[in-house]
Amino acid sequence: MNTTYFEAVYDVVRVIPKGRVTSYGAIADFLALGSARMVGWALRQSLDEALPIPAHRVVNRQGELTGRLHFSTPTRMAELLIAEGSMVEDNRVVEFKTRYWHPREMLGI
DNA sequence: CCAATGACGACTT
DNA sequence: GAAGTCGCCATTG
């Protein structure tokens, strides 16, 4: 398989600031490659391979923790977010709008 | 080879 | 603004 796309996604996810979150679409948009579905696909592999990727900081466009079922336990994703200062209620990031981080910011914008 | 299936998102009603 | 529809694209049946 071509790991180039995976590495590109991981590079972005790795630099998501602690306490902030981003969306699948934002990453796909920033890379101008693949699609939001592919980002989710890549992140699932990262969990299977137990790579040091903060995949819990990536949620869908509505701030919902749609990928929580892929973690070791269904509540693991929320616990990780809460542990670093984000508040989660009903599988959704509270104040998602203000905690949203676009990969564009990693370029100094 | 064709159909269904997702860690999704934009668009239309 | 919530709910439904369609596009997306690799993987799986």
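Keep in mind the model is a prediction, meaning the values are calculated, not measured. Numbered from 1 within each chain, the chains take letters A, B, ... in sequence-line order.
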Just checking [X]: base, sugar-phosphate only, or nothing, at a heavy-atom cut-off of under 4.0 Å?
{"X": "A:Ala55", "answer": "base"}
{"X": "A:Leu69", "answer": "nothing"}
{"X": "A:Tyr5", "answer": "nothing"}

Subject >> A:Val58: which of A:Thr66, A:Ile16, A:Val21, A:Leu65 passes side-chain contact (heavy atoms from CB on, under 4.5 Å) >> reply: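 Answer after filtering A:Thr66, A:Ile16, A:Val21, A:Leu65: A:Ile16.
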**OP:** Take atom P in C:dA2 and the same atom in B:dA7, then report the distance between them in whole Å.
**Re:**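 Those two atoms are separated by 23 Å.
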Original post:
Of all residues at least two apart in sequence or in a different chain, which pass the side chain to side chain contact (heavy atoms under 4.5 Å, CB included) check with A:Glu79?
Top reply: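 Counting only residues at least two positions away or on another chain, A:Glu79 forms a side chain to side chain contact (heavy atoms under 4.5 Å, CB included) with A:Thr75, A:Arg76.
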Nearest to the side chain of [X], heavy atoms from C-beta on, is which of [options]?
{"X": "A:Ser23", "options": "B:dG9, C:dC9, B:dA7", "result": "B:dG9"}
{"X": "A:Ser35", "options": "C:dC8, C:dA10, B:dA7", "result": "C:dC8"}
{"X": "A:Ala36", "options": "B:dG9, B:dA7, C:dC9", "result": "B:dG9"}

Subject >> Intermediate values then yes/no, side chain to side chain contact (heavy atoms under 4.5 Å, CB included), A:Phe30 and A:Val9 >> reply: CA-CA 10 Å; A:Phe30 176 74; A:Val9 172; over 6 Å; no
Length of the [atom1]-[atom2] vector between [X] and [N], whole Å:
{"X": "A:Leu33", "N": "C:dC8", "atom1": "CG", "atom2": "C1'", "result": "13 Å"}
{"X": "A:Tyr24", "N": "B:dA7", "atom1": "OH", "atom2": "C1'", "result": "3 Å"}
{"X": "A:Met38", "N": "C:dC9", "atom1": "CE", "atom2": "P", "result": "8 Å"}
{"X": "A:Leu31", "N": "C:dC8", "atom1": "CG", "atom2": "C1'", "result": "16 Å"}
{"X": "A:His70", "N": "B:dG6", "atom1": "NE2", "atom2": "P", "result": "9 Å"}
{"X": "A:Tyr10", "N": "B:dA7", "atom1": "OH", "atom2": "C1'", "result": "12 Å"}
{"X": "A:Phe6", "N": "C:dT11", "atom1": "CZ", "atom2": "C1'", "result": "11 Å"}
{"X": "A:Ile53", "N": "B:dA7", "atom1": "CD1", "atom2": "P", "result": "19 Å"}

Original post:
Does A:Arg61 CZ have over 12 foreign heavy atoms under 6.0 Å away?
Top reply: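 It does not: A:Arg61 CZ has 12 such atoms or fewer within range.
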Original post:
Counting heavy atoms not belonging to A:Arg14, are there more than 12 under 6.0 Å from its CZ?
Top reply: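 For A:Arg14, atom CZ is crowded (more than 12 foreign heavy atoms under 6.0 Å).
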Any protein N or O atoms within reach of nucleotides 10-12 of chain B? Criterion: under 3.5 Å, listing atom names and distances.
from, atom 1, to, atom 2, distance (Å)
B:dA10, OP2, A:Arg61, NE, 3.1

Subject >> pair A:Arg57-A:Trp101: side-chain heavy atoms closer than 4.5 Å >> reply: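 They are not in contact (no side-chain heavy atoms under 4.5 Å apart), so the answer is no.
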Subject >> A:Tyr10 side chain reached by A:Thr3 side chain, heavy atoms, under 4.5 Å >> reply: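 Result no, sub-4.5 Å side-chain heavy-atom pair not found.
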